[in-house]
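Throughout, a chain's letter reflects where its sequence line sits, starting with A, and its residues are numbered from 1.
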Amino acid sequence: MPELPEVESTVRYLQERVVDRTIVSSAVYWARTVATHTPIAFSGSVAGVTIEAVIRRGKFIGLKLRGSSEQYLFVHLRMSGSLDVIAAQSEIATHDRVILELNNGKSIRFNDTRKFGRMYLCDSPEQVVGNLGVEPLSDDFSPELLYAITRGKKTCAKALLLDQRAIAGLGNIYVDESLWKAKIHPLTPVAKLTQSQCVALHAAITSTLEQAIALSGTDFGDGVVQDGMYSPLVYARDDEPCNRCGGSIRKSRVQQRGTHYCPQCQRAPRKSRRA
DNA sequence: CAAACTCCCTGTTAGC
DNA sequence: TGCTAACAGGGAGTTT
């Protein structure tokens with residue numbers, strides 16, 4: 001499940017391999033993967049364009065393209081997507097959805113088992129990433145900003161951190177990890193978070209992401225391990241002892257998402273419902 | 001308007 | 001053991 005750290009790793013991987021390369025042809029094997037175009041229109045539009053740069057915004061990977069005009073090809077890996085650069089003559093893999101052939105004998109393979117991943121070809125970045133919130137690893141993201149974001153909202157901590165319009169790039173795993181580090185219960189109403197809690201949460205988010213990036217992503221035991229592996233402290237560790245207090249980690253559902261936390265370290269808000 | 005729910009997908013796992 | 005049903009989940013779209 002790629003989140004910001006895994007996406008960042010992919011961006012760095014691509015930067016070393018596809019910048020200044022030209023797309024000579026493409027093939028779309030699952031039409032819905034390309035959200036903005038029909039397969040034919042897409043293939044016609046990307047043929048002949050050169051990849052000027054690879055950027056990341058939240059969990060989106062952006063290829064800046066230069067052809068007859070400037071365009072962007074954004075890729076969202078969602079649950080199971082991955083991008084690899086391999087020899088153009090390599091066989092098509094089982095779950096390859098889109099292949100972009102480059103002018104150096106290589107090709108970009110967008111492989112996506114669950115078909116949730118998407119590509120968006122557009123004229124300006126705003127069309128795809130315009131509604132995203134602050135980049136959590138940018139200088140703009142501060143404890144003060146986090147505190148400000150929490151004011152006047154009626155959602156709980158977990159829901160806010162999952163909301164890409166608030167902070168861009170966190171997913172279910174790193175949200176659970178960050179809340180545990182900050183000792184904040186997932187159901188805590190964000191309007192009740194104190195300034196000091198926001199300081200702790202800010203530090204938890206940035207340190208968790210930086211740590212995971214340094215390790216090139218997270219190992220989920222699904223065989224899709226990258227270079228290193230970040231070992232979750234609470235995620236998918238229900239019924240295991242908490243690394244901090246020894247309490248038993250609990251799994252519940254918040255926002256329809258599996259949610260892992262330590263009931264001892266992360267005290268429940270007073271009038272909480274089931275957790 | 002903001003919050004909550006539905007749906008898209010397939011590999012894996014729980015349960016009978 | 002073999003089968004089916006439940007589960008996992010990001011975000012677009014829809015409903016409340």
Engineer: Tell me whether the side-chain N/O atoms of A:R257 come closer than 4.0 Å to OP1 or OP2 in C:dG10.
Structural biologist: yes
Engineer: Which sits closer to the 5' end of DNA chain B, A:R97 or A:K153, going by the nucleotide each is nearest to?
Structural biologist: A:K153
Engineer: Compare side-chain N and O positions of A:Q164 against OP1 and OP2 of C:dG10 and report whether any pair is under 4.0 Å apart.
Structural biologist: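 The answer is no; no side-chain N or O of A:Q164 sits under 4.0 Å from OP1 or OP2.
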Engineer: Is it the case that over 12 heavy atoms from other parts of the model lie below 6.0 angstrom from the CG atom of A:N131?
Structural biologist: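 Open: at most 12 neighbouring heavy atoms sit under 6.0 Å from CG of A:N131.
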Engineer: Would you kindly give the CG-to-C1' distance between A:L162 and B:dA4, to the nearest whole Å?
Structural biologist: 14 Å
Engineer: Measure the distance from NE2 on A:H260 to C1' on C:dA8 and round it to the nearest whole Å.
Structural biologist: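 One finds 10 Å between C1' of C:dA8 and NE2 of A:H260, rounded.
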Engineer: Closest to the A:R32 side chain: B:dT10, B:dC8, C:dA8?
Structural biologist: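 Closest of the options to the side chain of A:R32: B:dC8.
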Engineer: Within the pair A:Y174 and C:dG10, is there a side-chain N or O less than 4.0 Å away from OP1 or OP2?
Structural biologist: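 Answer no for this pair, as no side-chain N or O of A:Y174 is under 4.0 Å from OP1 or OP2.
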Engineer: Map A:V128 and A:G258 onto DNA chain C by nearest heavy atom, then report which one ends up closer to the 5' terminus.
Structural biologist: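 It is A:G258 whose nearest nucleotide is closer to the 5' end.
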Engineer: Tell me: CD of A:Q255 to P of C:dG9, nearest whole Å?
Structural biologist: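 Going from CD in A:Q255 over to P in C:dG9 covers 13 Å.
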Engineer: Is NZ or CZ of A:R151 both nearer than 6.0 Å to the six-membered ring centre of A:Y147 and within 45° of the ring axis?
Structural biologist: yes
Engineer: Can you measure A:I61 atom CD1 to C:dG10 atom P for me and round it to whole angstrom units?
Structural biologist: 16 Å
Engineer: In residues 114-122 of chain A, which ones come under 4.0 Å of DNA chain C, going by heavy atoms?
Structural biologist: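 A:R114, A:F116 - these, ordered by number, are the residues of the stretch whose heavy atoms sit under 4.0 Å from the strand.
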Engineer: What is the distance, to the nearest angstrom, from the CZ atom on A:F110 to the C1' atom on B:dC9?
Structural biologist: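 Interatomic distance, CZ of A:F110 to C1' of B:dC9: 13 Å.
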Engineer: From CD1 of A:I167 over to P of C:dG11, roughly how many Å is that when rounded to an integer?
Structural biologist: 13 Å
Engineer: Which sits closer to the 5' end of DNA chain C, A:F60 or A:N172, going by the nucleotide each is nearest to?
Structural biologist: A:N172
Engineer: Pairing donors with acceptors under 3.5 angstrom, does anything connect the side chains of A:H95 and A:N111?
Structural biologist: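 No, because no side-chain N or O of A:H95 sits under 3.5 Å from a partner of the opposite role on A:N111.
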Engineer: Can you find a side-chain donor-acceptor pair between A:S107 and A:R109 that sits under 3.5 Å?
Structural biologist: yes
Engineer: A:N131 has an atom CG; how far is it from atom C1' of C:dG11, in whole Å?
Structural biologist: 12 Å
Engineer: It should be established whether A:H95 places a side-chain nitrogen or oxygen under 4.0 Å from OP1 or OP2 of nucleotide B:dC9.
Structural biologist: no
Engineer: Rounded to the nearest angstrom, tell me the gap between atom CG in A:D239 and atom C1' in B:dA14.
Structural biologist: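 Answer to the nearest Å: 15 Å.
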Engineer: May I ask you to say what A:Q256 touches in the nucleic acid, namely base, sugar-phosphate or nothing, with a heavy-atom cut-off under 4.0 Å?
Structural biologist: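 Contact class for A:Q256: base.
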Engineer: Taking only the side-chain nitrogens and oxygens of A:R165, find out if one of them lies under 4.0 Å from OP1 or OP2 of B:dA2.
Structural biologist: no
Engineer: OP1 or OP2 of B:dA4 versus the side-chain N and O atoms of A:K154: is any pair under 4.0 Å?
Structural biologist: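 Indeed not, no polar side-chain atom of A:K154 lies that close.
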Engineer: More than 12 non-hydrogen atoms from neighbouring residues, nucleotides or ligands closer than 6.0 Å to CD on A:E91, yes or no?
Structural biologist: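 Open.
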Engineer: Flag the pair A:K59 and A:E6 as a salt bridge only when some basic side-chain nitrogen lies within less than 4.0 angstrom of an acidic carboxylate oxygen.
Structural biologist: no
Engineer: Table please: side-chain donor-acceptor pairs of residues 11-23 of chain A below 3.5 Å, with sequence neighbours left out.
Structural biologist:
| unit_1 | atom_1 | unit_2 | atom_2 | d |
| --- | --- | --- | --- | --- |
| A:R12 | NE | A:E8 | OE2 | 2.9 |
| A:R12 | NH2 | A:E8 | OE2 | 3.3 |
| A:Y13 | OH | A:V85 | N | 2.9 |
| A:Y13 | OH | A:V85 | O | 3.4 |
| A:Q15 | NE2 | A:V54 | O | 2.8 |
| A:R17 | NH1 | A:Y13 | O | 2.9 |
| A:T22 | OG1 | A:T50 | OG1 | 2.8 |

Engineer: Is the closest side-chain donor-acceptor distance between A:T259 and A:K251 under 3.5 Å?
Structural biologist: no
Engineer: Hey, is the side chain of A:H76 poking within less than 4.0 Å of OP1 or OP2 on C:dG11, counting only N and O atoms?
Structural biologist: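 So the side chain of A:H76 is within the cut-off, an N or O lying under 4.0 Å from OP1 or OP2 of C:dG11.
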